[in-house]
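Accompanying notes for the structure given below.
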2 protein chains.
Amino acid sequence: MTAHAVARHEFDTGAAVRVGGDSLTLGPVELMGARIRYERDAEIYGEGEPAEFAYKVISGAVRTYKLLNDGRRQIGGFHLAGDLFGLEAGVEHRLSAEAIGEATVLVIRRSALLGLAAQDADAARALWTLTAADLERAQNHLLLLGRKSACERVASFLLDLAARQPAAATVDLPMSRQDMADYLGLTIETVSRTLTQLQNEGVIALPSCRKVVFCNRQALSRLNA
Amino acid sequence: MTAHAVARHEFDTGAAVRVGGDSLTLGPVELMGARIRYERDAEIYGEGEPAEFAYKVISGAVRTYKLLNDGRRQIGGFHLAGDLFGLEAGVEHRLSAEAIGEATVLVIRRSALLGLAAQDADAARALWTLTAADLERAQNHLLLLGRKSACERVASFLLDLAARQPAAATVDLPMSRQDMADYLGLTIETVSRTLTQLQNEGVIALPSCRKVVFCNRQALSRLNA
DNA sequence: CGATAATTTGATTTTTCTCAAGACGCGTGG
DNA sequence: CCACGCGTCTTGAGAAAAATCAAATTATCG
């Protein structure tokens with residue numbers, strides 16, 4: 001597939017729209033979006049709001065989540081540089097989104113995507129495929145929350161994060177223990193204790209609380225079940 | 001929307017394809033599928049198998065699930081009469097599917113749907129929307145598994161099931177306690193105890209272990225959080 | 001350097017799981 | 001029609017996992 005096809009049909013707008021660079025001519029102009037910078041914990045959109053835009057992380061990280069009426073939170077996913085989020089088939093956002101630390105995102109008008117999909121079958125297929133990828137992630141997450149132990153959840157999480165980060169030496173945790181807990185269906189104390197336990201077992205090292213080094217990836221994979 | 005539009009664009013093949021009847025002329029012929037009957041616990045497809053078909057439940061119920069290597073099971077969803085399942089954007093099934101009790105399903109060739117989507121933007125949009133609906137269900141399920149108590153999980157489950165069943169008087173449980181447990185991320189004992197507890201509190205009645213009567217729907221809704 | 005927030009650790013409680021036994025339901029065959 | 005056997009469901013007691021409450025330690029930021 002050509003670079004142009006990628007830009008048009010997989011909405012890899014990061015490649016198409018090297019905003020700040022000089023390649024604005026690549027990709028259809030409708031896909032251009034403004035770059036927006038959000039500060040730590042800033043809301044990007046709320047659950048139930050009209051889904052006027054989809055987003056792509058340029059730098060930083062974003063969490064999407066749902067709340068129960070008493071404030072309990074379930075984080076659906078963490079979105080790192082290059083990840084798309086907030087794309088909806090329906091008219092409203094089904095989760096809320098917030099910046100974790102400072103984050104820059106590219107904003108893409110949903111109507112532009114819909115218009116493109118109405119014209120171009122490959123584009124429509126690409127939108128479907130993006131949503132299907134979200135679904136697959138959610139289904140794996142269900143297995144984690146429904147059937148894995150705390151230790152297995154943490155191990156799965158670390159491996160997943162590592163697989164998504166280019167730099168392989170040490171994994172960076174852009175999110176707090178609370179965020180991890182709310183993603184893993186645990187408490188911060190359990191997350192912390194589990195990390196400590198993995199460290200004591202020599203499976204990982206924690207040079208700082210936001211950095212993880214894999215000392216025994218095989219042991220982690222076994223825990224991944 | 002006309003009946004024809006429904007058939008073409010929402011893949012409501014049950015309406016279009018009254019197989020065994022005489023209305024075979026309704027709807028595009030590609031959407032026709034064979035009716036297949038599965039017996040109790042029969043596998044319809046397995047995780048990782050090529051997704052040659054999508055399915056629609058005609059009668060009975062179907063469970064879709066994932067397994068961990070040691071046999072732990074997470075049920076992703078229960079599919080009742082009228083529900084579509086097994087539709088994939090990618091080339092393989094991401095969960096396994098089995099009949100719960102005896103079930104009849106309509107089989108729809110995936111290539112027919114893809115072909116239609118390639119021709120017809122509305123059809124393509126409908127496929128996307130179906131996958132998005134699955135995603136929404138999965139996201140609500142994540143909140144349930146990650147953050148709700150056993151009692152809240154059971155209450156949510158019963159309300160969800162009731163909302164999907166036409167007959168409002170008593171809710172029918174087509175699945176075993178084990179199936180419920182594997183959907184709710186609990187054990188059969190906890191499910192059973194929770195149902196008993198709700199009965200003792202006067203919130204539900206259990207005329208038989210597969211039937212539930214709501215005695216206090218408001219109390220259930222409160223538990224739904 | 002100090003204040004504040006985040007993380008870790010400890011003690012205890014709660015929830016849910018596990019193991020075990022008994023009850024119930026259902027189909028089969030006498 | 002009833003007895004039996006088998007699978008499912010319920011109930012109980014105890015154990016385990018994770019949550020909660022609390023305090024101490026460490027990191028972060030001005």
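Treat the numbers as computed from the prediction; the structure is a model and nothing was measured. Within every chain, numbering begins at 1; the chains are lettered A, B, ... in the order of the sequence lines, protein sequences first and strands thereafter.
- Nearer the 5' end of DNA chain D, as judged by each residue's closest nucleotide, is the contact made by B:Q178, out of B:R147 and B:Q178.
- The CG-C1' distance, from B:D182 to D:dT8, rounds to 15 Å in whole Å.
- Note on ring orientation: taking the six-membered ring where Trp is involved, the planes of A:Y55 and A:H93 are tilted (angle from 30° to 60°).
- Of the possible polar contacts, none joining the B:E98 side chain to the B:T64 backbone as a donor-acceptor pair under 3.5 Å is found.
- Atom CG of B:L113 is separated from atom CD of B:E88 by 12.0 Å, given to the nearest 0.5 angstrom.
- Here D:dA22 presents its C1' atom at 12 Å from CD1 of A:I188, a figure rounded to the nearest Å.
- In the helix from C:dC1-D:dG30 to C:dG30-D:dC1, the terminal helix axes, each the rotation mapping four pairs' C1' atoms onto the next four within five end pairs, subtend 40°, rounded to 10°.
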query = Would B:Q74 and B:Y65 satisfy side-chain contact (heavy atoms from CB on, under 4.5 Å), going step by step from the backbone distance to the final call?
reply = CA-CA 5 Å; B:Q74 178 61 46; B:Y65 63 91; over 6 Å; no
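- Between B:M180 atom CE and D:dT8 atom C1' the separation is 13 Å, expressed in whole Å.
- A distance-only check finds no donor-acceptor pair linking the side chain of B:K148 to the backbone of B:L223 [under 3.5 Å].
- Atom CG of B:L145 and atom P of C:dT16 are 13 Å apart (whole Å).
- Counting non-hydrogen atoms under 4.0 angstrom, B:S208 reaches nothing in the nucleic acid.
- Using a cutoff of 4.0 Å between basic side-chain nitrogens and carboxylate oxygens, B:R164 and B:D83 are scored as salt-bridged.
- Residue contacts for A:R40: at a heavy-atom cut-off of 4.0 Å it reaches the sugar-phosphate backbone alone, with no base atom in range.
- Between B:R210 and the phosphate of D:dC9, there is a side-chain N or O to OP1/OP2 separation shorter than 4.0 Å.
- Contacts between residues 189-202 of chain B and DNA chain D, counted as heavy-atom distances below 4.0 Å, involve B:E189, B:S192, B:R193, B:T196.
- The existence of a salt bridge linking B:R110 and B:E52 is excluded, since no basic side-chain nitrogen approaches an acidic carboxylate oxygen closer than 4.0 Å.
- As rounded to whole Å, 18 Å separates atom C1' of D:dA17 from atom NZ of A:K148.
- Atom CZ in A:R72 sits about 13 Å away from atom P in D:dA19, given to the nearest Å.
- Atom-to-atom, CG of A:D41 to P of C:dA6 comes out at 8 Å; the value is rounded to the nearest Å.
- Results of the side-chain contact (heavy atoms from CB on, under 4.5 Å) test with A:T131 over B:D134, B:T131, B:L130 single out B:T131 as the only residue that passes.
- Distance from the side chain of A:C209 is smallest to C:dT7 among C:dT16, D:dA19, C:dT7.
- Between the side chain of A:R153 and the main chain of A:L184, a donor-acceptor pair closer than 3.5 Å is present.
- In this structure, B:L186 reaches the sugar-phosphate backbone alone: every heavy-atom distance under 4.0 Å involves primed, P, OP1 or OP2 atoms, never a base.
- The CE-C1' distance, from B:M175 to D:dC9, rounds to 16 Å in whole Å.
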